[in-house]
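Down below is the structure, laid out as structure tokens.
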Amino acid sequence: MADSTKDPNSVSNISGIITKHISIEWNVNFKEKVFTGDVKLTLETLQDGVANLILDTSCSLCISDVSDDATGEKLTFEVKEPLGALGSPLNIRLPSSAQSKGSKLCIKISYKTSSSASAIGWLEPSQTAGKQFPYLYSQCQAIHARSILPCQDSPSVKATYEAKVTVPCDLVCLMSAVRTGEEPCAIDNSLKTYTFRQTVPMPSYLIAIVVGALESRQIGPRSRVWSEKEFVDRAAFEFSETEHMLATAESLLGPYVWGQYDLLILPPSFPYGGMENPCLTFVTPTLLAGDRSLANVVAHEISHSWTGNLVTNCSWEHFWLNEGFTVFVERKILGRMNSEKHRQFAFIGGWKELYNSVSKYGQEHKFTQLLPPLEGGIDPDDAFSSVPYEKGSCFLFYLETLVGINEFEGYLKAYIDKFKYRSLTTQDWKDFFLEYFHEKAAAGVFDCIEWDKWFFSPGMPPIKPKYDTCLVDHCTELCEKWSQVGESNFEKSSGDLESMSPSQKIEFLAQLLLKKPLNCNLIQEMQGIYDMDKYTNAEIRFRWLRLRIKAGDESAIDSALKMATEAGRMKFTRVLFRDLYAFPSARQKAIDTFLAERHNMHPITAKTVAKDLELE
Ligand code: BES
Ligand code: ZN
């Protein structure tokens with residue numbers, strides 16, 4: 001199994017030399033959509049005879065100067081030809097004093113980003129809620145940090161960081177770190193300089209920045225919500241359970257080490273549901289359902305403060321160690337805050353998501369392996385799916401059934417304590433699991449585990465755990481009723497949908513989507529009985545629109561396109577575009593709409609949807 005100093009998605013020579021600290025200085029230029037400035041990397045040489053430092057860069061980072069920060073001596077450097085998604089290696093000749101094991105060095109690199117940096121979404125004032133000021137936000141996971149700074153862009157390397165960022169004075173800048181100051185810029189009073197410090201070592205993919213007309217409100221002793229002023233109150237309501245979730249996570253996993261835990265609600269183009277940037281989780285505004293029903297995403301991002309940010313996968317091939325664990329912990333929090341039945345219910349939904357991903361890829365596809373091979377220049381964005389989330393958390397659930405719920409809780413805490421501040425491989429994980437449970441291992445409790453099938457076989461897991469179906473039964477019954485009525489004439493038994501919780505409604509629709517498509521008459525009837533169009537909850541609306549498109553309901557095309565383009569969360573946008581593309585009467589309209597809207601989309605979303613629509 002993989003060695004922790006090999007990362008197929010980084011060109012950096014991380015076995016020879018590693019970064020310990022990063023110091024960033026950026027001037028943000030909204031007119032040109034670029035950052036100019038420099039980055040200082042404090043490095044430690046791990047072997048003798050390391051002549052060069054190789055860094056990751058991408059999207060035409062323009063390097064103007066490289067020097068030894070202590071002596072000012074210029075260092076020879078070369079930006080190599082780009083290697084597809086991996087970007088262009090930046091080779092820097094090390095001074096001879098830094099080439100031996102144990103030596104330390106600080107290198108200063110002056111550079112400028114390009115307006116097409118894949119990590120940054122730049123928004124015109126017209127694309128913001130306030131319509132007055134521009135906005136920018138980053139998304140560095142998985143390998144986009146290299147588009148905004150030359151770095152060792154591998155999750156196996158952890159460094160502390162500090163930053164000094166100058167922006168227009170009417171805007172607020174936040175980063176994935178603790179704010180340490182803000183002051184008017186000394187040379188130009190139309191600008192303002194913000195400073196930040198992250199004292200916990202973390203991987204490059206967690207570097208994050210947002211600049212916009214942001215306001216905030218305190219929602220807990222260590223938490224604020226940040227967003228444009230139009231959303232602050234709704235966000236404060238929606239995420240009011242944050243401190244309770246943090247405290248529950250701490251009781252499961254040990255102390256929260258990052259100090260502050262703030263939430264940032266982004267503009268609709270944000271490509272993900274949430275992103276666990278340290279001290280400042282980024283979330284999509286599609287979570288603002290008005291009833292706290294989608295706050296599980298916040299529980300998920302909170303959990304990453306331990307699984308992912310403190311204990312980190314050493315390469316994207318081991319992504320399940322980040323996401324599978326985080327889904328598992330997210331559901332532990334849900335279980336503690338609600339009930340064990342709710343946790344079981346969430347796993348049932350997860351199994352279905354996994355089934356959908358496996359069906360989409362095909363049973364034999366390598367991206368359905370828990371450990372997908374990513375060598376050969378594969379872009380981790382292309383391998384992204386529910387598989388590491390759901391196969392990973394399902395595996396942990398299965399292990400929990402073998403050792404017992406209480407014992408597994410003890411193990412989880414010990415696992416965090418063992419690997420905190422480090423990055424690990426699946427082999428490291430397995431070794432520690434067997435060491436922790438050595439008595440059970442010796443007693444043969446784990447003889448039934450088909451380890452290699454779990455890790456390396458494509459398709460569904462070798463075992464389907466037994467889940468308590470009590471919260472799902474009602475959804476299943478209603479789904480059966482609808483899928484068994486023939487042409488039309490559904491008999492409504494009173495209150496059958498209205499009495500369900502939002503997550504049960506989602507489950508009901510998810511089950512129906514797995515059945516033979518309904519016909520347009522039944523869709524109309526369902527609309528008539530339940531008034532489905534009234535639901536604004538994004539997860540409900542998304543599945544309802546999918547059902548209509550699959551039924552061949554042409555009157556749903558415009559609403560589906562609207563949802564696909566108004567919010568850029570890829571979970572919705574990609575699937576809706578794909579459904580529309582597969583629907584002959586919508587295909588051309590889907591392509592035309594994408595082409596017209598693509599310049600408004602986040603670069604990652606635009607690239608991925610273009611591939612889905614076979615335009616690239
Ligand atoms: N870290 C991920 C988002 C991510 C993964 C971004 C890979 C880029 C590359 C985040 O924690 C996440 O999993 N978000 C989910 C939330 C859900 C599982 C509750 C999402 O965005 O839907
Ligand atoms: Zn996650």
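Order of appearance sets the numbers: ligands from 1, and atoms from 1 within every ligand. Basis for what follows: all heavy atoms, side chains included, without hydrogens, waters or symmetry-related copies.
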Legend entry - Contact partition for Glu276 relative to ligand 1, non-hydrogen atoms under 4.0 Å: side chain
Inset, instruction - Report yes if Glu330 has an N/O atom closer than 3.5 Å to an N/O atom of ligand 1; otherwise report no. - result: no
Legend entry - Side chains of Tyr135 and Leu266 in contact at under 4.5 Å (non-hydrogen atoms): yes
Legend entry - Non-hydrogen side-chain atoms of Glu238 and Val298 separated by less than 4.5 Å: no
Inset, instruction - Please identify which atoms of ligand 1 are closer than 4.0 Å to at least one heavy atom of Arg569. - result: 22 (O)
Inset, instruction - Looking at His300, pick out the N, O or S atom nearest to the Zn ion (ligand 2) and give its name. - result: NE2
Inset, instruction - Would you mind running through ligand 1 and noting each atom that sits below 4.0 Å from a heavy atom of His304? - result: 11 (O)
Inset, instruction - Anything under 30° is parallel, anything over 60° is perpendicular, the rest tilted; go ahead and classify Phe319 against Phe384. - result: tilted
Inset, instruction - May I ask you to check whether Gln139 has an N/O atom sitting below 3.5 Å from an N/O atom of ligand 1? - result: no
Legend entry - Glu323 and ligand 1 - part of the residue with a heavy-atom distance under 4.0 Å: side chain
Inset, instruction - Just jot down the ligand 1 atoms closer than 4.0 angstrom to any heavy atom of Phe319, in number order. - result: 5 (C), 7 (C)
Legend entry - Intermediate values then yes/no, side-chain contact (heavy atoms from CB on, under 4.5 Å), Tyr261 and Glu243: CA-CA 9 Å; Tyr261 181 85; Glu243 178 57 29; over 6 Å; no
Inset, instruction - For atom 3 (C) of ligand 1, state which one of Ala299, Gly273, Gly274 supplies the nearest heavy atom. - result: Gly274
Inset, instruction - Over 60° means perpendicular and under 30° means parallel, so classify the ring planes of Phe455 and Phe395, tilted if in between. - result: perpendicular
Legend entry - Mutual orientation of the aromatic rings belonging to Tyr467 and Phe347 [parallel < 30°, tilted 30-60°, perpendicular > 60°]: parallel
Inset, instruction - Report yes or no: is the cationic atom of Arg569 (NZ for Lys, CZ for Arg) under 6.0 Å from the centre of the six-membered ring of Tyr272, at an angle within 45° of the ring normal? - result: no
Legend entry - Presence of N, O or S from Glu323 under 2.8 Å of the Zn ion (ligand 2): yes
Inset, instruction - For Phe384, counting its heavy atoms only, list the atoms of ligand 1 lying under 4.0 Å from any of them. - result: 5 (C), 7 (C)
Legend entry - Asp381-ligand 1 polar pair, N/O distance under 3.5 Å: no
Inset, instruction - Report yes if some N/O of Gln141 lies less than 3.5 Å from some N/O of ligand 1; otherwise report no. - result: yes
Inset, instruction - Sort out for me which residue in Arg574, Lys611, Lys607 forms a salt bridge (charged side-chain N to carboxylate O under 4.0 Å, His left out) with Asp381. - result: Lys607
Inset, instruction - Considering only non-hydrogen protein atoms, determine which one is nearest to atom 15 (C) of ligand 1 and report residue, atom name and distance to 0.1 Å. - result: Glu301 OE2, 4.2 Å
Inset, instruction - Return the orientation label for the Trp26 and Phe35 ring planes: parallel under 30°, perpendicular over 60°, tilted otherwise. - result: tilted
Legend entry - Identity and separation of the nearest protein heavy atom to atom 13 (O) of ligand 1: Tyr389 OH, 2.6 Å
Inset, instruction - For the residue pair Phe432 and Phe419, categorise the inter-ring angle as parallel (less than 30°), tilted (30 to 60°) or perpendicular (more than 60°). - result: perpendicular
